[in-house]
Amino acid sequence: MSSSDPASPLVPGIDDVLANARHILTLGRAVPLPGFAPLVGALVDIIDIIRDTRNNIRSLAYISRALSDLVEVVVEAQITLHSMVDAYADDEAAVDAMLLSCRSSGLTIKLETFLQRLLKLKDRANELYRGRSFFRYLYIDQDNRILDSLRQESDSALNVFKIDCMMAMNISIEEIAPKLSAMRKQMHNVAATIDQVKANQENQADEAILNTLPRVDAGFDAASNALKRRFQEGTRRSLVEDITSWMRTGIACQPICILSGAAGSGKSSVASEICKITRTRGELGASFYFTTGIQDHNSTKLVIPTLAFQLARSQAALRSQIVEGARQYLASGASQDINAQAHMLLEKPLGMENAQTSPVVIVLDGLDECTEHAAEDVPQLLRVLFAAARAVSFPLGIFITARPRRYIEDVLRSPEYKPLVHALSLDDLATTDSTRDDIAAFIKLQLSQLPSSHQLFNDHPDVVDRLAQHMEGSFPYARSLIDFVKGDPSHLHEQLGTFLREGPSPLVLRPLDELYQAALEHAYPSPRLEADKLQRTRVRQVLTYLAILRQPISPRTLEVLARVPTADSIPVLNDLRALVRYTRDEPDALFAPLHGTFARFLQRSDAGAGSVAPDVYRVDGKEEHARVVEGCLRTLFSLPQNICQLPARDLGRPRGEIFDMEDRVRRYVPPEVRYACVHWAAHLVEAGKTARNRKDVVLLLRRFAKEGVLPWVETLGYMGKLDLAADILDNTIPMVEVCRPHSWHSREQMMTYFTQSSLARRQLQDIRRLVLDCRAIIDVCPNRVYVEHASRAQGNRGAKVVE
């Protein structure tokens with residue numbers, strides 16, 4: 001049967017068009033708009049009816065194309081409405097508003113009218129013959145008229161839908177879109193406000209918990225720490241670079257950095273600079289500045305809660321964990337021991353998984369100023385901080401400053417913790433060129449702020465360098481001088497000139513004296529010394545030798561010269577390292593005051609000359625000078641000839657030609673001999689009449705003049721200090737008369753003394769002339785002193801024979 005046969009089934013092309021149109025309609029998502037779903041249903045029904053028709057293929061083709069165009073427009077409207085709904089799918093209120101707008105714009109009425117038109121089309125389509133194919137030819141004309149009518153009505157419906165429904169829908173969308181956008185923005189703002197309110201409520205709850213933590217205002221920016229923040233820009237560069245390098249790369253393997261130094265050496269200023277640097281980078285977690293004499297600032301009781309409080313505020317990534325730790329901590333009571341504090345407020349919260357990746361630095365300044373149960377509490381604080389640093393997954397560094405204290409060093413030097421500590425010392429830097437340059441820069445900057453500085457620098461270009469040299473590496477001394485001259489800037493020239501000529505005035509020294517007294521009280525509280533006579537004796541003994549010794553010596557050398565056991569001196573020196581340069585527990589390490597003004601402070605007794613050390617610390621020194629003289633003379637009397645043990649062939653050679661001369665001096669001239677050779681006479685002069693009450697000094701001095709003076713001259717020659725011999729003898733000869741018994745038992749005893757004293761003076765005078773006359777010879781070859789002395793003695797005997 002041909003395709004044009006009226007009885008043939010619907011051709012595949014027409015059937016495909018209608019089937020596709022029906023498929024598109026039925027698969028499309030329902031639009032939540034009243035009237036749209038019935039409209040789609042009516043179209044589907046019409047298509048189904050048409051597909052059942054088998055008459056007049058041409059008319060069917062026309063109607064199928066018309067229906068397909070109508071379906072396409074309806075589906076387009078369907079897609080448009082879905083796009084709007086999808087755009088606001090997460091906002092139910094916006095979708096409702098959009099649909100309401102469509103209703104209010106009359107769109108639903110237009111859709112209802114269009115639906116009625118489709119239903120009429122459907123009724124008209126139902127008039128088509130769909131019975132048995134045998135009778136279908138009887139209805140061909142009727143079906144053609146119906147199909148033509150349906151085509152015309154479909155075209156008309158298409159135009160109506162485009163003009164009425166689509167236009168109304170587009171107008172509704174154009175009107176509602178800005179409103180929906182504004183509504184969405186408003187809703188977004190409302191949601192953001194709600195979120196912010198919720199966050200604020202949570203933050204307030206967190207703050208309430210944090211504010212319940214017992215804490216103290218001891219951070220670096222606290223008002224009480226203002227004087228500790230006086231860091232001079234441009235100074236301590238190498239030290240600050242070392243610390244910042246540790247923060248960048250060293251924290252991972254050495255989480256603790258300790259900066260030790262003497263009282264007033266600038267530790268707090270450096271700590272404050274580190275706080276400023278890390279705060280600028282967002283890396284400052286917390287800080288705590290200990291202060292002696294201020295309640296809770298001199299104790300470990302509130303350190304951990306204070307650090308936790310600051311960490312929660314400075315590091316957002318750690319806040320929630322710390323707040324939760326604080327909640328659990330407070331539930332068990334606000335006053336718990338340091339182990340519980342550290343575990344619940346630091347170790348556990350910081351050890352939890354968090355978003356923290358950048359380094360966090362905690363700064364503890366003046367740990368030695370924690371004086372409340374220091375020997376027990378400070379080591380425990382260090383141990384819990386180590387535990388916290390080990391527990392975290394991010395770089396946590398703890399920077400500590402402190403004066404040297406045994407209970408601090410015992411922890412940091414222990415085998416368990418020593419590998420984890422980066423140790424720095426300001427005392428090691430005190431005598432370096434960089435420190436002198438820093439002090440010079442500080443002095444120049446401070447002086448340049450004074451009105452008359454320009455004239456001062458013009459008149460005295462070297463004034464800054466000379467002042468820096470006088471400071472001997474002491475920043476506190478420099479600051480005291482600057483504060484003094486700033487008090488009367490109109491007399492700047494006169495004040496500095498007097499300082500350089502005559503030394504510091506009492507007003508310059510007063511701040512230093514206060515610093516020294518505070519440090520002594522910290523190491524050995526005066527009430528404790530007053531109550532403990534034995535301890536007082538040991539402390540004053542060491543303080544005395546610190547004040548009177550002319551150069552650094554070791555505890556072992558002090559034992560030889562002054563008979564002070566190392567068992568007595570070393571513990572005291574350990575405790576005084578805030579004021580004394582000394583390596584802990586080392587019997588052969590040199591010790592000396594960190595600055596010469598400390599010796600003045602200890603010996604000063606006139607209140608009119610400045611601050612005076614309390615009696616328990618103040619020293620006289622006359623007796624100790626005499627004791628040192630005795631020790632020196634005993635040492636010198638024991639000097640052998642040829643102390644450097646030169647081979648016989650080298651005894652007559654110039655010492656400059658002996659290749660190992662310096663090594664021999666170091667090896668065979670022990671420290672006590674070197675000290676005694678140079679300083680014995682100075683101690684004798686300082687002892688004055690005190691020496692005459694010491695019979696041993698009188699006898700040793702005579703014996704030295706008779707038997708020990710030549711080895712002494714030879715030893716000075718090998719040491720390269722022969723130029724001192726004549727001056728030493730000049731100071732000694734008058735003292736021979738001073739060193740005499742306080743009273744005489746008989747006339748014979750008196751005559752014997754004067755005879756021996758006269759002989760001793762003559763012997764020392766002879767050696768003095770020998771040194772002056774033969775200095776060039778003896779300086780080149782010290783052993784020649786014996787030859788020259790023998791030659792002179794022989795000549796003197798010959799002269800007497802001639803007479």
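Numbering starts at 1 and runs along the sequence shown.
Looking only at distances, a side-chain donor or acceptor of Ser414 sits under 3.5 Å from a matching main-chain atom of Val411. At least one donor-acceptor pair closer than 3.5 Å links the side chain of Tyr289 to the backbone N or O of Ser272. Side chain of Lys267 to main chain of Ala262: a donor-acceptor pair is present (N/O by atom type, distance under 3.5 Å, no hydrogens or angles). Using modelled atom types, one side-chain atom of Arg536 and one backbone atom of Glu530 make a donor-acceptor pair closer than 3.5 Å. With hydrogens and angles ignored, the 3.5 Å screen pairs no side-chain donor or acceptor of Ser260 with any backbone N or O of Arg403. With Trp680 contributing its side chain and Ile728 its backbone, the two residues share no donor-acceptor pair below 3.5 Å. The backbone N or O of Glu372 sits nowhere less than 3.5 Å from a side-chain atom of Asn298 that would complete a donor-acceptor pair. Distance alone, capped at 3.5 Å, is enough to place a donor-acceptor pair between the Glu521 side chain and the Ser526 backbone. Counting only distance, with no hydrogens or angles, the side chain of Asn574 and the backbone of Asp585 share a donor-acceptor pair below 3.5 Å. Panel note: side chain Arg634, backbone Gly631; no donor-acceptor pair is recorded below 3.5 Å.
Counting all heavy atoms, side chain and backbone alike, Thr300 lies closest to Cys370 at CG2-SG, 3.5 Å. Nearest heavy atoms, Ala523 versus Arg405: N-NH2, 4.4 Å. Considering every non-hydrogen atom in both Pro571 and Thr566, the closest pair reads CD-O, 3.9 Å. Between Pro587 and Pro555, the shortest heavy-atom contact is O-CD, 3.1 Å. A pairwise comparison of heavy atoms in Ala271 and Val363 identifies CB-CG1, 4.1 Å as the closest pair. Of all heavy-atom pairs between Ala705 and Ala760, the closest is CB-O, 3.8 Å.
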For this session: List the steps, then state whether side-chain contact (heavy atoms from CB on, under 4.5 Å) holds for Thr401 with Asp365.
Result: CA-CA 5 Å; Thr401 70; Asp365 176 65; 2.5 Å; yes
For this session: Step by step, work out the side-chain contact (heavy atoms from CB on, under 4.5 Å) result for Tyr524 and Leu576.
Result: CA-CA 9 Å; Tyr524 288 105; Leu576 291 177; 4.1 Å; yes
Problem set entry | side-chain contact (heavy atoms from CB on, under 4.5 Å) between Leu367 and Leu381, intermediate numbers included | CA-CA 10 Å; Leu367 186 57; Leu381 173 63; 4.1 Å; yes
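Ile767 contributes atom CD1, which lies 4.5 Å from atom CG of Leu710 (distance to the nearest 0.5 angstrom). A distance of 11.0 Å separates OG1 of Thr583 from CD1 of Ile570, quoted to the nearest 0.5 Å. Rounding to the nearest 0.5 Å places CZ of Phe601 at 9.0 Å from CG of Leu579. In this structure, the separation between CD1 on Ile243 and CD1 on Ile274 is 4.0 Å, given to the nearest 0.5 Å. To the nearest 0.5 Å, atom CG of residue Leu512 and atom CD of residue Gln517 are 13.0 Å apart. Note that OH of Tyr407 is 6.0 Å distant from CG of Asp368, once rounded to the nearest 0.5 Å.
Note on ring orientation: taking the six-membered ring where Trp is involved, the planes of Trp246 and His422 are parallel (angle under 30°, cut-offs 30° and 60°). Tyr582 and Phe591 have perpendicular rings, their planes meeting at more than 60° on a 0 to 90° scale where under 30° would count as parallel. Using bins of under 30°, 30° to 60° and over 60° for the plane-to-plane angle, the ring pair Phe288/His297 lands in the tilted bin.
When each of Leu636, Thr732, Leu639 is tested with Phe704 by the rule side-chain contact (heavy atoms from CB on, under 4.5 Å), just one qualifies, namely Leu636. The side-chain contact (heavy atoms from CB on, under 4.5 Å) with Leu385 is formed by just one residue from the set Ile362, Leu364, Val303; it is Leu364.
Ion pairing of Arg584 with Asp410 is present here, as a side-chain N (NZ or NE/NH1/NH2) and a carboxylate O approach within less than 4.0 Å.
In this structure, a donor-acceptor pair under 3.5 Å is absent between the side chains of Asp588 and Ser554.
The side-chain contact (heavy atoms from CB on, under 4.5 Å) search around Pro565 returns Glu559, Asp568, not counting sequence neighbours.
The side-chain heavy atoms of Ile443 and Met471, taken from C-beta on, include a pair separated by under 4.5 Å. Side-chain contact between Tyr516 and Thr597: present, with at least one pair of heavy atoms (C-beta onward) separated by less than 4.5 Å.
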Scan the side chains in residues 670-678 for donor-acceptor partners under 3.5 Å anywhere in the protein, sequence neighbours excluded, and list what turns up.
| residue | atom | partner | partner atom | Å |
| --- | --- | --- | --- | --- |
| Arg674 | NE | Val669 | O | 2.7 |
| Arg674 | NH2 | Arg666 | O | 3.2 |
| Arg674 | NH2 | Val669 | O | 2.9 |
| Tyr675 | OH | Arg550 | N | 2.9 |
| Tyr675 | OH | His683 | NE2 | 2.6 |

